[in-house]
**Student:** 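Before anything else, here's the structure in question.
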Number of protein chains: 2
Amino acid sequence: MERPGIGRGSNSAQLRRYNERLVLQRLRRAGEASKADLARAADLTNTAIGAIIQKLDDLGLIERVGKRHDGGRGQPAMLLRLNPKGAYGIGVRLDRRSIETILIDFDGRELDRISYDMVLPQPDVALDMVARDVQLLLRRLAPAERERFAGIGLALPYNLGAWLGRLDLPAETFRNWDDFDFAVRLEEATGLPVFGENDGNAAAIAELFYGHGRRVDDFFYLFIGPAIGGGIVVQGDCLRGSSGNAGDVAVLAVAPGRLASSPKTADGRELLITRASLNALGRHLQSCGVAVASIADLQDAFTAGHPAVQEWIDDAVEALAPAIWSAISLLDVPLVIVDADIDGGLVDALIRRLTEALDDHAPEARRAPRILHGTLGRDAGAIGAASLPMFFNFSPRASILMRGGDREFETGGTVGFAGLT
Amino acid sequence: MERPGIGRGSNSAQLRRYNERLVLQRLRRAGEASKADLARAADLTNTAIGAIIQKLDDLGLIERVGKRHDGGRGQPAMLLRLNPKGAYGIGVRLDRRSIETILIDFDGRELDRISYDMVLPQPDVALDMVARDVQLLLRRLAPAERERFAGIGLALPYNLGAWLGRLDLPAETFRNWDDFDFAVRLEEATGLPVFGENDGNAAAIAELFYGHGRRVDDFFYLFIGPAIGGGIVVQGDCLRGSSGNAGDVAVLAVAPGRLASSPKTADGRELLITRASLNALGRHLQSCGVAVASIADLQDAFTAGHPAVQEWIDDAVEALAPAIWSAISLLDVPLVIVDADIDGGLVDALIRRLTEALDDHAPEARRAPRILHGTLGRDAGAIGAASLPMFFNFSPRASILMRGGDREFETGGTVGFAGLT
């Protein structure tokens with residue numbers, strides 16, 4: 001059961017790579033900083049920071065933005081920032097009902113996107129579509145920019161063929177997905193490196209790399225979509241788990257729902273996905289006579305003040321509060337981040353109720369975690385996918401030092417590019 | 001919210017220390033190994049492994065155990081193993097009803113122990129008792145052995161003043177404990193380094209360092225004592241959490257118990273501690289007319305085949321199965337280790353029922369984890385405490401490389417001793 005990646009000795013190349021990425025992280029968090037600021041923030045010597053800055057500059061990952069006069073008599077300090085054009089990544093998000101392919105720059109800004117709202121087709125059909133869309137997006141980059149391409153991130157539900165009954169989807173289409181290694185096939189089809197994660201972890205990584213994670217290193221992340229997904233961020237890294245499926249919040253054990261529309265259970269057991277998902281909201285609205293054709297209809301029902309939405313919020317919170325308390329008790333993180341496929345005030349309303357309920361549920365001598373609204377909203381999936389090559393290539397993670405077995409791409413550099421030619 | 005320890009640059013001293021500890025770990029796992037075996041296992045060059053072996057030998061942490069003839073024509077290889085006399089540690093375990101102080105060697109073998117079965121007295125009284133017992137145990141070591149003393153480990157419940165109602169203990173005695181920093185006071189009283197952890201994490205660390213952790217790097221650990229504690233081991237390290245209280249399984253949310261003796265809840269909520277603890281078993285036995293004065297009486301009732309024990313097992317398993325599924329879904333570890341303060345077959349009976357129940361509860365497309373009986377039994381607490389100085393001084397953890405802010409003691413060496421003089 002011992003994994004091959006763990007337990008390898010560490011060497012100075014890994015150390016250099018780690019420190020380079022650490023400086024990138026400090027700069028991402030600071031926005032702008034001088035060499036001296038970075039030396040302090042990363043606790044590195046002037047010599048070490050000088051060599052790292054030089055390297056990152058040569059790689060085009062940072063740029064100068066002017067000088068800061070501190071009011072003292074010394075030389076004004078040159079300020080540095082990340083170069084938004086320093087790297088590019090593509091994200092592919094496959095959900096049971098949509099396909100999105102997105103191109104982002106090093107700042108996480110969307111440059112272009114191609115998306116389809118459709119029930120996922122057979123895997124080989126989807127592969128052709130995505131491979132073509134990747135090529136279309138790459139054409140948006142000039143040749144010099146393509147050399148700065150970090151790779152493709154792929155985010156999809158851990159097990160596409162599961163939960164179809166609960167999500168009201170036909171089983172036939174999805175069976176073939178469970179035996180199809182989309183990441184490997186996409187790599188073959190495009191000749192580009194593909195970094196795969198389940199969708200919950202990808203969204204959590206996007207929040208870590210581009211969102212609240214610029215200020216906090218530990219949080220529990222929940223994303224409410226048609227299903228519910230999540231991710232666990234500890235010490236600035238995403239917990240992957242032995243089979244890459246940590247943070248699988250959909251299957252957290254909860255009590256059965258109390259809505260008239262809640263599925264009946266014979267054994268008094270229910271799973272979080274059945275209560276705290278947009279699918280549950282849609283089911284409840286439909287049972288109350290509201291036609292629901294798309295996610296936008298859910299948001300409209302909330303905006304219109306339909307009482308069924310509030311009923312669902314109450315029921316979802318009743319499931320979420322003990323589930324979150326259990327997670328927090330295991331993980332001991334001070335922050336929960338909640339994001340969703342819809343907004344229009346619904347997420348904030350849910351968070352307000354959840355904050356109250358967590359206080360109500362607090363076990364003796366325990367303090368409720370803070371809850372924050374995620375920064376990416378419905379883009380968490382696509383940006384999450386696209387942030388994977390950025391995260392795995394440019395983030396200072398313990399596994400770099402420990403040769404943790406993740407795929408790391410290095411062509412000449414110690415922070416690396418896929419090297420399109 | 002950013003912690004100071006994270007995000008520091010890494011240097012070559014840390015790297016050397018990590019590699020030394022990695023070699024110690026490989027040797028602990030292998031039992032006996034040649035230099036070439038260790039170079040392979042740790043993926044280090046011959047030069048690097050040679051320098052490390054020399055260093056570990058100078059420090060007296062390893063010893064030669066003879067030569068192995070491989071049947072080939074080359075020189076027979078010298079076999080190495082850990083020197084049991086290479087290091088010593090003391091563990092102090094405080095529970096609400098007992099105090100134990102134990103001396104172990106580098107192999108984790110108990111050399112001596114002093115223990116009291118008593119409701120915990122006021123903290124200053126306990127401090128005097130423990131400080132005296134530490135001195136008594138240290139006298140068991142010869143002067144040369146004392147130089148190999150790695151420190152004191154302290155394991156106690158995260159919040160001694162909580163759960164008193166559920167554990168049928170008086171509140172007055174325990175209030176003072178919550179404001180008393182026993183680790184700091186013990187350090188002042190003895191002049192020795194003290195490594196503190198909550199009792200669940202300490203027991204998990206003992207299992208990692210001296211038990212099943214010799215073969216597996218990822219597991220969820222549960223210890224059933226008067227209360228229930230736990231710990232999370234990921235990639236060979238124990239998840240500590242933002243406030244040092246990760247793995248706080250006592251407060252996992254479960255449904256109310258179904259025993260006649262189960263406390264009634266107004267709101268349909270219960271916590272795991274109320275159902276899956278020896279206190280719950282004792283309460284149920286007493287409600288069935290069995291006098292329970294000590295933990296031994298619980299084991300006797302099981303051995304005598306009292307039906308109330310089986311009733312409690314059923315109820316505890318009904319609480320544990322969904323709680324474990326939730327934990328496994330969050331953590332994605334393939335193994336659960338269950339240990340307890342009693343044995344006589346009771347833990348194995350519980351594990352058998354739990355294994356069945358986990359299969360029954362498996363969510364769609366998920367595989368149940370393996371469950372193993374822990375290796376330390378009722379000694380998990382005391383050995384757990386004593387394993388803390390061993391673990392923090394000699395285990396290859398990512399935080400060493402990342403300067404994770406843990407206390408690491410180094411006097412001259414890169415693996416270190418407290419340096420009693």
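Residue numbering restarts at 1 for every chain, and letters A, B, ... go by the order of the sequence lines.
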**Student:** Return the CZ to CG distance between B:Arg366 and A:Asp248, rounded to the nearest 0.5 Å.
**Tutor:**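 Between B:Arg366 CZ and A:Asp248 CG, I get 4.0 Å after rounding to 0.5 Å.
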**Student:** Would you confirm whether A:Asp332, through its side chain, and B:Gly244, through its main-chain N or O, come within 3.5 Å as a donor-acceptor pair?
**Tutor:**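 Yes, the answer is positive, given that a donor and an acceptor are paired below the 3.5 Å cut-off.
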**Student:** Can you tell which part of B:Ala327 gets under 4.5 Å to a heavy atom of chain A, answering side chain, backbone, both or neither?
**Tutor:**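 Backbone plus side chain of B:Ala327, per the 4.5 Å heavy-atom cut-off to chain A.
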**Student:** For chain A, find which of B:Thr45, B:Ile232, B:Leu330 contributes the most heavy-atom pairs closer than 4.5 angstrom.
**Tutor:**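 Ranked by contacts with chain A, first place is B:Leu330.
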**Student:** Using 0.5 Å steps for rounding, measure from the CG atom of B:Leu15 to the OH atom of A:Tyr18.
**Tutor:** 12.5 Å
**Student:** For chain B, which candidate among A:Val23, A:Leu239, A:Ile328, A:Ile49 shows the most heavy-atom pairs at distances under 4.5 Å?
**Tutor:**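 Of the options given, most contacts go to A:Leu239.
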**Student:** Other residues, nucleotides and ligands only: do more than 12 of their heavy atoms fall within 6.0 Å of CG on B:Asp267?
**Tutor:** yes
**Student:** Less than 4.5 Å apart, any side-chain heavy atom of A:Leu331 and any of B:Leu331?
**Tutor:**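 Of all side-chain heavy-atom pairs linking B:Leu331 with A:Leu331, at least one is under 4.5 Å.
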**Student:** Donor-acceptor pair, distance only, cut-off 3.5 Å: does the side chain of B:Ser326 make one with the backbone of A:Ala253?
**Tutor:** yes
**Student:** How long is the straight-line distance from CG of B:Leu271 back to NE2 of A:His361, given to the nearest 0.5 Å?
**Tutor:**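 Reported value, rounded in 0.5 Å steps: 10.0 Å.
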**Student:** With respect to chain A, which residue among B:Pro322, B:Ala246, B:Ala323 yields the maximal number of heavy-atom pairs within a distance under 4.5 Å?
**Tutor:** B:Ala246
